[in-house]
Number of protein chains: 6
Amino acid sequence: MEVITFGETMVLFNPDSTGPLRYVHSFSKSIGGAESNVAIALSRLGHEAGWFSRLGNDEFGRYIKSVIRGEGVDISRVVEDREKSTGLLFKERFAHVDPNIYYYRKNSATSNLSVEDLDYEYIKKAKILHITGITLALSKSARETVYKAIEVAKEGNVLISFDPNIRLKLWRIEEARQVLLDVAKKVDIIFPGISEGELLLGIDDPNEIAKKFLEMGCKIVAVKLGKEGCYVASNNEEQFVKGYVVEKFEDTVGAGDGYAAGFLSGVLKKSSLKECAQLANGVGAMATLVRGDMEGFPTISQVMQFMGKEKHIDR
Amino acid sequence: MEVITFGETMVLFNPDSTGPLRYVHSFSKSIGGAESNVAIALSRLGHEAGWFSRLGNDEFGRYIKSVIRGEGVDISRVVEDREKSTGLLFKERFAHVDPNIYYYRKNSATSNLSVEDLDYEYIKKAKILHITGITLALSKSARETVYKAIEVAKEGNVLISFDPNIRLKLWRIEEARQVLLDVAKKVDIIFPGISEGELLLGIDDPNEIAKKFLEMGCKIVAVKLGKEGCYVASNNEEQFVKGYVVEKFEDTVGAGDGYAAGFLSGVLKKSSLKECAQLANGVGAMATLVRGDMEGFPTISQVMQFMGKEKHIDR
Amino acid sequence: MEVITFGETMVLFNPDSTGPLRYVHSFSKSIGGAESNVAIALSRLGHEAGWFSRLGNDEFGRYIKSVIRGEGVDISRVVEDREKSTGLLFKERFAHVDPNIYYYRKNSATSNLSVEDLDYEYIKKAKILHITGITLALSKSARETVYKAIEVAKEGNVLISFDPNIRLKLWRIEEARQVLLDVAKKVDIIFPGISEGELLLGIDDPNEIAKKFLEMGCKIVAVKLGKEGCYVASNNEEQFVKGYVVEKFEDTVGAGDGYAAGFLSGVLKKSSLKECAQLANGVGAMATLVRGDMEGFPTISQVMQFMGKEKHIDR
Amino acid sequence: MEVITFGETMVLFNPDSTGPLRYVHSFSKSIGGAESNVAIALSRLGHEAGWFSRLGNDEFGRYIKSVIRGEGVDISRVVEDREKSTGLLFKERFAHVDPNIYYYRKNSATSNLSVEDLDYEYIKKAKILHITGITLALSKSARETVYKAIEVAKEGNVLISFDPNIRLKLWRIEEARQVLLDVAKKVDIIFPGISEGELLLGIDDPNEIAKKFLEMGCKIVAVKLGKEGCYVASNNEEQFVKGYVVEKFEDTVGAGDGYAAGFLSGVLKKSSLKECAQLANGVGAMATLVRGDMEGFPTISQVMQFMGKEKHIDR
Amino acid sequence: MEVITFGETMVLFNPDSTGPLRYVHSFSKSIGGAESNVAIALSRLGHEAGWFSRLGNDEFGRYIKSVIRGEGVDISRVVEDREKSTGLLFKERFAHVDPNIYYYRKNSATSNLSVEDLDYEYIKKAKILHITGITLALSKSARETVYKAIEVAKEGNVLISFDPNIRLKLWRIEEARQVLLDVAKKVDIIFPGISEGELLLGIDDPNEIAKKFLEMGCKIVAVKLGKEGCYVASNNEEQFVKGYVVEKFEDTVGAGDGYAAGFLSGVLKKSSLKECAQLANGVGAMATLVRGDMEGFPTISQVMQFMGKEKHIDR
Amino acid sequence: MEVITFGETMVLFNPDSTGPLRYVHSFSKSIGGAESNVAIALSRLGHEAGWFSRLGNDEFGRYIKSVIRGEGVDISRVVEDREKSTGLLFKERFAHVDPNIYYYRKNSATSNLSVEDLDYEYIKKAKILHITGITLALSKSARETVYKAIEVAKEGNVLISFDPNIRLKLWRIEEARQVLLDVAKKVDIIFPGISEGELLLGIDDPNEIAKKFLEMGCKIVAVKLGKEGCYVASNNEEQFVKGYVVEKFEDTVGAGDGYAAGFLSGVLKKSSLKECAQLANGVGAMATLVRGDMEGFPTISQVMQFMGKEKHIDR
């Protein structure tokens, strides 16, 4: 595997109409999970990606596995929990904002994720380990698992990539801040957004956010700026990279995960910092063109055409 | 009950796709009725509201009752008509305009509404009686019912609120003008729109419209200006109150009813004229965020957050 | 045209789930009308059929026209009513019985059908005029139209076919009995069911029912016996003809109309009484295999295969 | 209120197709709960019924309230839980059996139900208190609530009705047996099925089951025998009462609750034991005619017609 | 017939959600075909239009016939192919662009279209023959059919109208250019777009494009400029005619066909060049208001209202 | 891999309603293919199965790959065809029979399957190679591929399993008979049905059919008898094995493939002939419980419970 990641993926129920959920008559099933999004996006870009989790021994767990495996992601290390159920989430849509989320993940199978679920050799053979702040918030044992995975990755000289992904429905900001900053010090690549800069560092300037994380020891900081693009920095260089504007879009869910996957794809191909950022911007933008968290991730050829770097050949 | 209202509510069939109805394959069922919209919006804002009507002794009548009762509105005075059917309406949608409406309400159960259907004591105990011009247009007996209700309300010192709601599919403009102006003279609060100012008074200036209705004896005039906001006036004060702009919206159906409900909520809470207008603007704007006539009405806490008057606490 | 018929066709709304209509969330649109069913079934069997009616100048009227015309039936004599709306019907399904029907046809455009809507030459050139008892029940002017059409047909030596089709939601049994028996005396072919024998004649024996109608002057009587088949009689011969049994079926709506169309197809081809009855049984049985009033009518080749009279060639 | 009941009602997600849930694409929302089923069925039969529970402060909780209130059931005593979410259940359908159920109810709001949630006066004013074994299985505090409610009811001379409703997904059989038998001793009317007789008493003979429960102190025992009917016994009389056979049905879910409601309706009307049993059989049978747990419950007039005790008047 | 046209119409499957087709769960059926679009649009505008093709002897062929016949278009010359199947197309939608198309038309029944399928007298009696470049690209025999039809039309002094409609999925640009320019020399009216000007003539200036086609012998050139409007020219006059702007639209598919139909309607009514262009712009714009290739075409009265040339009377 | 198979899998469009396809409004997407069914069923029973094919470089090809890979089947040897499209099939349902099929597979990508697409080593390492008569009928190159695969398997001492699967839409019976009997002589296990016995051998007696194939060199003959069960024979033993009766079922599609998979699972586990047959009957019966070709295949634990060989533990 080139990239390994792990975390909670849930069955996602999308309302068939806008408005408060009590008026919604039917829901369509899909999956949602930041880490599996990254793995799927990487697989679609042509990379070998592995994802694992702890899932319920139920139809919803089997569904998640078949979708992710279907996308070509290695799921051989997924663990089945005999006690707990697979987590769920429901979206609620209004015309003017991103959807509300209702979780049924408290005490889900994934919150049982523990150090025993790690296959050390599997991690050590990867080029990149990608982790997110969501797993850190799930449970004590899940948090320990992340810490252990970082340790194992370091032993194997595996690059560590980190998306803070603050979810205030899962933990309080004080605890989140402390843990996320602690982890940030241990990783090589970090993908903060502006609001995460504010919550974690009290800073909303991309330049300053980048500087802070570089000081903490990160080698690359990619500050996501939404449709504006991103600000990327390493110890050698730093720059603002303009985003791709789309006239209409469905929703922004999954854009951040697409961004991370695009960036890591560039890293794996040893692209320049700017090229990594451009690919990240492209994949992130394309994720917004399709309703659904992961359905919009492009192949490398599709994103190249979208970015105008490859000519579209009408079939 | 704080507010009592009555009128025709129909089963509303929403097309599942845009375009002329002959190409629409399926329709989703909901309900539509200006007065029940006001009652539901008031209930959601935390008030005690009662609504009644004359409905067919059929499944569609039972559906309307269960929806409105489900929203917490008192329907104890609804009358069942053994002869006639519950009215229906079909919407037809195109991308660029508000929907077309096809009615099946001629000779509906509600057009049989008559003075005998009024429970005088019920009305007299309310704080506000809300009526609309639609009921005045339904039939001779329905019109008499409105006049009688006004009389009863006056006996009980109940405040009378009036939305002219001109529907040119139901009566000719000459008749509408005469009746609506006659009723306007008997009410305390009136909610005209600009086009109603033109049709009834031949005036399109909000200031002038307000002045005219005040002269006729209304105590409060709230001229609805769509997304611009509203112009409100009493004998003591008058002002323009800016509306809430939303980036995207579904449709404007129900916005006027939400406006009236928001305003009456302010009146019940003895808010200032400006506060009444702001709440009215807020509820009206939120009604446009959801497809459906009444599904988008907010709770008081939701509208306060929307208006920026209360902080949103992420659950 | 070989066969001409006329009457009310409505837009039919089919519930997407079983149960009382107030719990049904969505409805699919189709059309329903006994006479247009017969015309469509005849067209599918390869005959030239014409149907006319008076429809609203609305999308539902246009829909009905496009469906019937789409099936190859001549609709050139359909009249548009500028005042009234096209009729509607809603079905309500339970697991164990045929659907309940809710009509919105009172005062529909077709109830305005009048003698002026008849094109005498059009009728006189037909081989068969098919009428039903439903049109007789719609309104005074519709009833007069049927009587006039019979008169015109007789002038043109056009064979007259009659399905009593008693609908007790449309008129009282006393009136129905008197009118239907009066019309029965003027027609050549009649298609009573057993329950119609009971209601009209007080007789439930097929043999006796046939005898009575022959005595009244009918030349052919085809008594429908549901899945058992039918009992057919003329002045020369009479016999029971066994029906086609199907293991599973959707519903029996449309079976009677398919029966009539099959029978008339036989008459047009100058088949023997028995062959007419067999074809009638076959088409009637096939109508039950598909949800929908007219979607299940077969081509002549399909019904021949179904009846085992033609070999099925796997395409 | 004539009957008061309480317990857990969940949002129920019905799959739009048969087969393992991972292949199901969309789900329709409804509600499910044994006690609310009984309350709704009683309301439809014309009785005053009250139901309460502890629900999440979320859209799903609001949905449950609007559906039950919409059916005319008093929900004034429902308590809102600020911490926990409303429970969910998913059905999975195969052609040959009753659906599988997947619950998301562990730690749901209703499992927080406690003695403090009881309104003693509300219970004491009722004629019947109906409880089920499900609430006994939810949590320690929920069980205590049932015991307390029984105590309060006895103080008020309220008749106590009990459906054991064994759910082996919620507790182990040993615990269930002990608690349910303990409660059985305190109630007036009990509705065991044959399999419950086996699990609780080790007996599968209706006659013997009835005798046992009478010995424990129950005044009426109604042993449900599915489509066969039921065996009812009091200290004075006992008899088998034949069920109503339906040719086709959707599923048997809700039939037991309909049975109980029909029986209690008889009790409230002071019908004979046999009449209670017949009405119970009728309502139970009608519940199977509609997909959905509670959509099929009839009005008193509908069930009378179904049972052949009232003539059906075609509208 | 006033206008006759022919070509391939396929069954069109519309995805029920945006995104790559592998994630789309269900598809709705409609029809798509440039020539039948023109015929349907003309029929709706009140003209007699005939369309023919070669279709498979299958349900999809029957579906196409019933839709087009249902719209009032004469289909009496449609030929049935016993060997080959009716063509299909699938759309794939993303938020920001017009849909992708997947064809299943290679070797379809229509590619068998041949000179034998032409009814010379039928063509000669028309006022206008409308052809498109798509048929020229289908197969050798289809191309010969177009050439023969042109020849026959010229014999009958029938006006020939031509929409180049370049489809690079069907043939290579070199071949397309040669054939289309050859045909352009034989026609009276041509409807190029700007991109077709570029592909065929290497010119992107409307004025120049028009001049070139006039030089080749066309009598009228109408250069489509999308929402901007069009540039029309004859040997006597030339002008830019502004388009109708719509605030929101569904998609642009069918707009070009609507444009052509509007233009030909003007020609049939002997309107001025400018009036033809305005009507063309109006019909083209209205086609974009509805999802679907032909569902949005207006009646003459609807387009007149849309263009502000007729007052809308609220029914 | 324990079992390797290959052949054509198509995207399957299921109508959302019964009746002729021209009346069906929408279709749901799934996949269909006899060989992939067997591979998926084996994977679900706990075996390692590999499937390959030649698919179009299009969304439908990617969909097929993601579904089959999602089920845990190895698809590493699937070949992508740059020229041709992935095949499609549409079902048409009537109440009383198995569905009609409309194919769009002529000249599909899989018909290009050729000997070059075989990975010899991959095949030689398997325990069983499963082939069907469908692939033999697709094209000359596909047939050669099957012959070559048999040759390679024999070199590797791989057991060869063969389902004749006669599809008279794909070839004429004379050619089918000759080729299928020729292949039958080369295989170890064969799964004929009674109708295939008739078509290939002119025999309809299971015992005789088995004898004939054993004489041709097959080592095991399993004659499928539908719901009756099967007749199995080897050179040592032979017996009738009773099938599992289900009260209701959806359709029989996929039952034969489930049967083959169940049988091969038994062979892999070195079960007795009777046990193989029982497992085959069980899996085949369970396939009929779910609409869809492959959605109903059970896990080993589910089929054991279904067969009554394992106790069902209520979760």
Side-chain angles (χ1 to χ4, degrees), chain C residues 14-28 88-106 133-134 137 164-177 193 195-196 198-199 226-227 245-253 288-289 291, chain D residues 12-17 26-32 37 40-41 43-44 63 66-68 70-72 91 93 95 227 244-255 258 282 285-299 301-303 305-308 311-315:
Chain C
N14 241 310
D16 284 0
S17 53
T18 53
L21 286 198
R22 71 185 177 286
Y23 298 117
V24 172
H25 181 258
S26 67
F27 293 83
S28 301
L88 312 181
L89 72 88
F90 294 80
K91 293 193 172 177
E92 182 179 56
R93 296 183 179 278
F94 294 88
H96 65 313
V97 288
D98 267 351
N100 289 341
I101 308 285
Y102 293 80
Y103 287 123
Y104 280 81
R105 74 193 302 183
K106 208 171 274 181
I134 300 168
N165 254 326
I166 302 186
R167 292 282 189 281
L168 291 182
K169 284 195 184 175
L170 298 183
W171 51 359
R172 281 169 315 108
I173 178 61
E174 296 73 20
E175 189 186 2
R177 189 182 297 128
S195 71
E196 288 168 329
E198 287 182 282
L199 287 167
K227 60 186 172 183
V245 178
V246 292
E247 211 183 324
K248 288 203 241 179
F249 65 92
E250 291 275 350
D251 67 39
T252 66
V253 183
T288 70
L289 301 175
R291 171 79 46 96
Chain D
L12 180 166
F13 292 90
N14 241 309
D16 283 1
S17 53
S26 67
F27 293 82
S28 300
K29 184 165 114 296
S30 177
I31 68 164
N37 282 349
I40 289 169
S43 174
R44 218 163 291 169
Y63 171 61
S66 72
V67 171
I68 299 177
E71 290 297 329
K91 292 194 173 176
R93 296 184 179 277
K227 61 186 171 184
Y244 297 90
V245 178
V246 293
E247 212 183 324
K248 288 203 240 176
F249 65 92
E250 292 274 351
D251 68 39
T252 66
V253 184
M286 289 190 77
T288 70
L289 301 175
V290 175
R291 169 80 47 97
D293 292 16
M294 60 89 183
E295 287 81 354
F297 296 135
T299 61
S301 158
Q302 288 169 333
V303 71
Q305 281 170 32
F306 175 81
M307 291 161 67
K311 233 193 101 193
H312 177 62
I313 307 301
D314 204 311
R315 197 174 63 110

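Throughout, protein chains are lettered first and strands after them, A, B, ... in sequence-line order, and every chain is numbered starting at 1.
- Atom CD1 of C/Ile134 is separated from atom CG of C/Leu170 by 7.5 Å, given to the nearest 0.5 angstrom.
- Using a 4.5 Å cut-off between heavy atoms, C/Arg93 does not touch chain D at all.
- Among D/Arg291, D/Met286, D/Glu295, the residue with the largest count of heavy-atom pairs under 4.5 Å with chain C is D/Glu295.
- Within the 4.5 angstrom heavy-atom criterion, no atom of D/Gln302 approaches chain C.
- Panel note: side chain D/Ser26, backbone D/Asp16; no donor-acceptor pair is recorded below 3.5 Å.
- When atom types are taken as modelled, the side chain of C/Glu92 and the backbone of C/Asn100 share no donor-acceptor pair closer than 3.5 angstrom.
- Side-chain atoms of C/Glu196 come within 3.5 Å of backbone atoms of C/Ile166 as a donor-acceptor pair (strictly under, hydrogens ignored).
- Heavy-atom distances place both the backbone and the side chain of C/Phe94 under 4.5 Å from chain D.
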